[in-house]
Structures are given as structure tokens and as C-alpha cells.
Colleague: 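Here it is: the structure, laid out below.
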Amino acid sequence: MSFNSKAQSIDKDTLFFKFDRNYILGAKDGSDDFLLADSNSDGTFYFERKETTYNLKSKKVKCLKKFIHNSEFYRKKNHRKLNDFRLYEYFEKYVVFLVNKNEYIHVESRFEIE
């Protein structure tokens, strides 16, 4: 008796965000990772760079800072405003690109506890 199994592939929606150098910061450790200006020091959300593509077609490029500040992940009244872990969980469900003119940087969300 033999069993054939097929890996299930789940299509993810794609999100495009403008690469805002004032909000999306390069990691200081020499990696190609990107931190957010709102990330905490206890547990840090960051984007890991995967690959760069050019001239993709995107229907809408959003502002990442506005998206986060208007979301459930951002708590204006708390000392630690960004809920890094929940943001990580949210972005895990999507394919994410940071857009800088005609450069599309494919990134994946990561979370690290310091």
C-alpha cells in the first residue's frame, strides 16, 4: 500500500509599502535586515530582505507608517507603542514588498527576543 501526499500550497495576498528611509531603518549589524522606527527593544519586529525585483506592477503602494499607526498593533497610550509580535504574526500571512521607485524588495517578517 502506498500513499501519495502533495504539499499544500497556500496563496498569499501581496502588500506593497513605500520604502520610507525615515521609518524603515537599515540594521546596524551589517545585515540586510530592516527595522522599524517604532520597534521595541525587548522583542523586535524586523523585515528580512529576501530578493530584489525590478519593475513589478503594483496596484497600490501604501505608507507603512500610516498603516501601522492606524492598526491594532499600534497603541498610542502605551510606553511600548508597537506590539511587535502581533505585527510579525500579521505579516506572516502576506507576501510583502518594500517599494523604492522601480525597485521592489521582497521581505519576510521576523521577530527576535533580545
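Bear in mind the structure is a predicted one, so any value in this text is a computation, not a measurement.
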Colleague: Membership question, hydrophobic clusters at under 4.5 Å side-chain separation (ILVMFWY): are I24 and Y90 in the same one?
Modeller: yes
Colleague: Tell me yes or no: between the side chains of E92 and S109, is some donor less than 3.5 Å from an acceptor?
Modeller: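 The answer is yes; a qualifying pair exists.
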Colleague: For I105, is there any backbone N or O sitting under 3.5 Å from a side-chain donor or acceptor partner on T52?
Modeller: no
Colleague: I'd like to check R21 versus F19 (side-chain heavy atoms, cut-off strictly below 4.5 Å). Are they in contact?
Modeller: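 Yes - at least one pair of side-chain heavy atoms lies under 4.5 Å apart.
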Colleague: Can you find a heavy atom in the side chain of L87 that is under 4.5 Å from one in the side chain of I68?
Modeller: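 Sidechains of I68 and L87: in contact.
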Colleague: Taking the six-membered ring for Trp and the full ring for Phe, Tyr or His, determine whether the centres of F91 and F17 are under 6.0 Å apart.
Modeller: yes
Colleague: With heavy-atom distances below 4.5 Å as the criterion, would you say the side chains of D38 and Y74 are in contact?
Modeller: yes
Colleague: Within the 4.5 Å heavy-atom criterion, are F47 and D33 side-chain neighbours or not?
Modeller: no
Colleague: What's the separation between atom CZ in R75 and atom CG in N83, rounded to the nearest 0.5 Å?
Modeller: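 R75 atom CZ to N83 atom CG measures 4.5 Å (nearest 0.5 Å).
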Colleague: How long is the span from the CG atom in D32 to the CD atom in E51, to the nearest 0.5 Å?
Modeller: 13.0 Å
Colleague: So, using salt bridge (charged side-chain N to carboxylate O under 4.0 Å, His left out) as the criterion, who are the partners of E48 when residues are at least two apart?
Modeller: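 By the salt bridge (charged side-chain N to carboxylate O under 4.0 Å, His left out) rule, E48 matches K50, R110.
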Colleague: Hey, could you give me the CG/OG1 distance between N102 and T53, rounded to the nearest 0.5 Å?
Modeller: 11.0 Å
Colleague: Would you give the length of the straight line joining atom SG of C63 to atom CG of N70, rounded to the nearest 0.5 angstrom?
Modeller: 9.0 Å
Colleague: Who passes salt bridge (charged side-chain N to carboxylate O under 4.0 Å, His left out) against E72, sequence neighbours left out?
Modeller: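 If we apply the salt bridge (charged side-chain N to carboxylate O under 4.0 Å, His left out) test to E72, skipping adjacent residues, the hits are R86.
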Colleague: Using atom types as modelled and distance alone, determine if a side-chain donor or acceptor of S58 lies under 3.5 Å from a backbone N or O of K60.
Modeller: no
Colleague: Do Y23 and L36 come close enough that some side-chain heavy atom pair is under 4.5 Å?
Modeller: yes
Colleague: Look at the side-chain heavy atoms of Ile, Leu, Val, Met, Phe, Trp and Tyr, link any pair under 4.5 Å apart, and say whether V61 and Y94 land in one connected group.
Modeller: no
Colleague: Taking the side chain as every heavy atom from C-beta outward, state whether L56 and Y54 have any pair of such atoms under 4.5 Å apart.
Modeller: no
Colleague: For residues K62 and L15, report the shortest heavy-atom separation together with the two atoms involved.
Modeller: NZ-CD2, 4.4 Å
Colleague: Only one of F16, Y104, F34 passes side-chain contact (heavy atoms from CB on, under 4.5 Å) with L98; say which it is.
Modeller: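 That would be F34.
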Colleague: Quick check: do D84 and F111 have side-chain heavy atoms less than 4.5 Å from each other?
Modeller: yes
Colleague: With L35, which residues qualify under side chain to side chain contact (heavy atoms under 4.5 Å, CB included), at least two apart?
Modeller: T44, Y46
Colleague: Quick one, V95 and K12 - any side-chain contact, counting heavy atoms below 4.5 Å?
Modeller: yes
Colleague: What's the separation between atom CG in N55 and atom NZ in K101, rounded to the nearest 0.5 Å?
Modeller: 13.0 Å
Colleague: At what distance, to the nearest 0.5 angstrom, does NZ of K81 lie from NE2 of H69?
Modeller: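 Output value for this atom pair is 9.0 Å.
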Colleague: In terms of relative ring orientation, are Y88 and F85 parallel, tilted or perpendicular, with 30° and 60° separating the classes?
Modeller: tilted
